[in-house]
Amino acid sequence: MMSEEVSSDRGGAITLNSDGTVTVPENPVIVSIQGDGIGPDIWRAAVKVFDAAVARAYDGQRQIQWREALAGEKAFAEIGQWLPEETLEMLRQCVVGIKGPLTTPVGGGIRSLNVTLRQVLDLYACVRPVRYYKGVPAPVRFPEQVDMVVFRENTEDVYAGIEWPAGSPEANRLTSYIKEHLNREIRPDSAIGIKPMSRVASQRLVRRAIRYALKQGYQSVTLVHKGNIMKYTEGAFRQWGYELAGEEFSAQTVTEAEVYEKFGGEPPHGRVVIKDRIADMMFQQALLRPAEYDVLAMPNLNGDYLSDALAAQVGGLGMAPGANIGDRVAVFEATHGTAPKYAGQDRVNPSSLILSGAMMFDYLGWREVGDLIRTALEATILAGVVTYDLARQMSGTNEVKCSEFAAAINEHMG
């Protein structure tokens, strides 16, 4: 653990600029959280790829200074805390971190560490680029048509953690209050959760999604919601998204309705189209017409479902990178679980964490590194060198261990 401030003799500090970009020294300090279960296995593999890619891209002139922070089972075993304050402070100081999966019990026990990290550090945008890598087995006919980036609001919705068990005094009082003051009946044996969604959180998420689309040259941002049913929460998300686009990006965006009403169905050159889709319809569109969608912005629960569903179209969560980004801290992460039955076996696919690292290098402005990693990973899969999860779906492959897969990626960088 690191309690002292980042100092030049141990690496340089990444600094935030007023426009939301970062300034990165030649030897930046980046926080690493290995994670639980298979986390240490995939981290050992991934960090070798990261270091090799940086060395090759910059001929040894740049180097990452990794600083390990404790969270999850390792933190609890060593210091009796699941998420130490020292880890949170390290992330605040260093600005950028990367992590493996962390344990979260279902139905009780500790609260989700992933959700806690997002809320405590205000990492309000969960960003998941989903694209197909050649050679990966996929359940759809044309997986190469999937190239979407999900922006999922991270801090509100049902993930806010405002809920009470059935029969609890809090649930009973709330049920009574709603019946007495709001004239709505709730069954007395109900558990109760509250779904808060604010204008501020919704619009900052949409703002980041639009800025990303403009910077990366995408053609559309789609607001995905269930506003036909939840009119004052998800319906408001849709409305606030359109308002934000009109108020802050009027010269750079155009609504889908305006495309047809004013421009004969052809979007003006250089302007991003803002449109919206009902969440259940968007699931169908993702399967049938994926090429029509670029950046998707949505509330928390919709984003959780849809990002995993999109990942399934291109090979599963093992091939899906992700990040949780706020205005002051960004944490990149493997998007799958801890898979404890495989822990310590050097067996699982490290691609999610490796691709999240490539995404991290893009964020740092080291695009050469990210491109090198993605290209080498795809070349490795095309060569038939894969871990067991892909090997069992492919023929004529060379099934390798987690560490051997990383070594093969490094070889393909040449």
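Each residue takes its place number in the sequence, starting with 1. Because the structure is a prediction, the values reported are computed rather than measured.
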So does Gln81 have more than 12 non-hydrogen atoms from other groups sitting under 6.0 Å from CD?
-> yes

Does atom CD of Gln284 have more than 12 heavy-atom neighbours from other groups under 6.0 Å away?
-> no

Provide the closest heavy-atom pair for Asn172 versus Gly167 in the form atom of the first, atom of the second, distance.
-> ND2-O, 3.4 Å

Using distance only, find each side-chain donor-acceptor pair of residues 407-414 under 3.5 Å and give its atom names and separation, not counting sequence neighbours.
| unit_1 | atom_1 | unit_2 | atom_2 | d |
| --- | --- | --- | --- | --- |
| His412 | ND1 | Thr380 | OG1 | 3.1 |
| His412 | ND1 | Ala408 | O | 2.9 |

Quick check: are there more than 12 heavy atoms from other residues, nucleotides or ligands sitting under 6.0 Å from OH of Tyr305?
-> no

Count the heavy atoms belonging to other residues, nucleotides or ligands that lie under 6.0 Å from NZ of Lys48, then report whether that count exceeds 12.
-> no

Could Lys99 and Glu333 be called an ion pair, given the rule that one side-chain N must be under 4.0 Å from one carboxylate O?
-> yes

Could you list the residues that satisfy side chain to side chain contact (heavy atoms under 4.5 Å, CB included) with Ala138, not counting sequence neighbours?
-> Tyr132, Pro143

Thr103 versus Asp36, closest heavy-atom pair with distance = N-OD2, 2.8 Å

Other residues, nucleotides, ligands: >12 heavy atoms within 6.0 Å of Asp189 CG | yes

Decide side-chain contact (heavy atoms from CB on, under 4.5 Å) for Met319 and Ile381; before the verdict, give the C-alpha distance in whole Å, the side-chain angles of both, and the deciding distance to 0.1 Å.
-> CA-CA 11 Å; Met319 298 300 300; Ile381 294 171; 3.8 Å; yes

Flag yes if more than 12 heavy atoms outside Arg92 fall under 6.0 Å of its CZ atom; otherwise flag no.
-> yes

Assign the ring pair Phe50 / Phe361 to parallel, tilted or perpendicular, where the plane angle (0 to 90°) is split at 30° and 60°.
-> perpendicular

Would you mind checking if Lys275 and Glu292 are paired as a salt bridge, meaning a charged N to carboxylate O distance below 4.0 Å?
-> no

Across all chains, not counting sequence neighbours, the ring-ring contact (aromatic ring centres under 6.0 Å, His included) partners of Tyr342 are Tyr388

Considering residues, nucleotides and ligands other than Phe263, do more than 12 of their heavy atoms fall under 6.0 Å from its CZ?
-> yes

Gln313 side chain to Val140 backbone, donor-acceptor under 3.5 Å | no

Are the side chains of Arg204 and Leu244 in touch, meaning some heavy atoms are under 4.5 Å apart?
-> no

Does a side-chain N-to-carboxylate-O contact under 4.0 Å join Arg211 and Glu248?
-> no

Would you say the side chain of Ile42 lies within less than 4.5 Å of the side chain of Phe405, judging by non-hydrogen atoms?
-> no

Does the distance from a Lys or Arg side-chain N to an Asp or Glu carboxylate O, for Asp304 and Arg152, drop under 4.0 Å?
-> yes

Set of residues satisfying side chain to side chain donor-acceptor pair (under 3.5 Å) with respect to Asp371, sequence neighbours excluded = Arg367, Arg374

Could you list the residues that satisfy side chain to side chain donor-acceptor pair (under 3.5 Å) with His225, not counting sequence neighbours?
-> Asp276

For the pair Arg44 and Asp41, find out whether any cationic side-chain nitrogen is under 4.0 Å from an anionic carboxylate oxygen.
-> yes

Pro188: what forms a side chain to side chain contact (heavy atoms under 4.5 Å, CB included) with it, not counting sequence neighbours?
-> none

Would you please say whether a donor-acceptor pair under 3.5 Å links the side chains of Asp122 and Thr155?
-> no

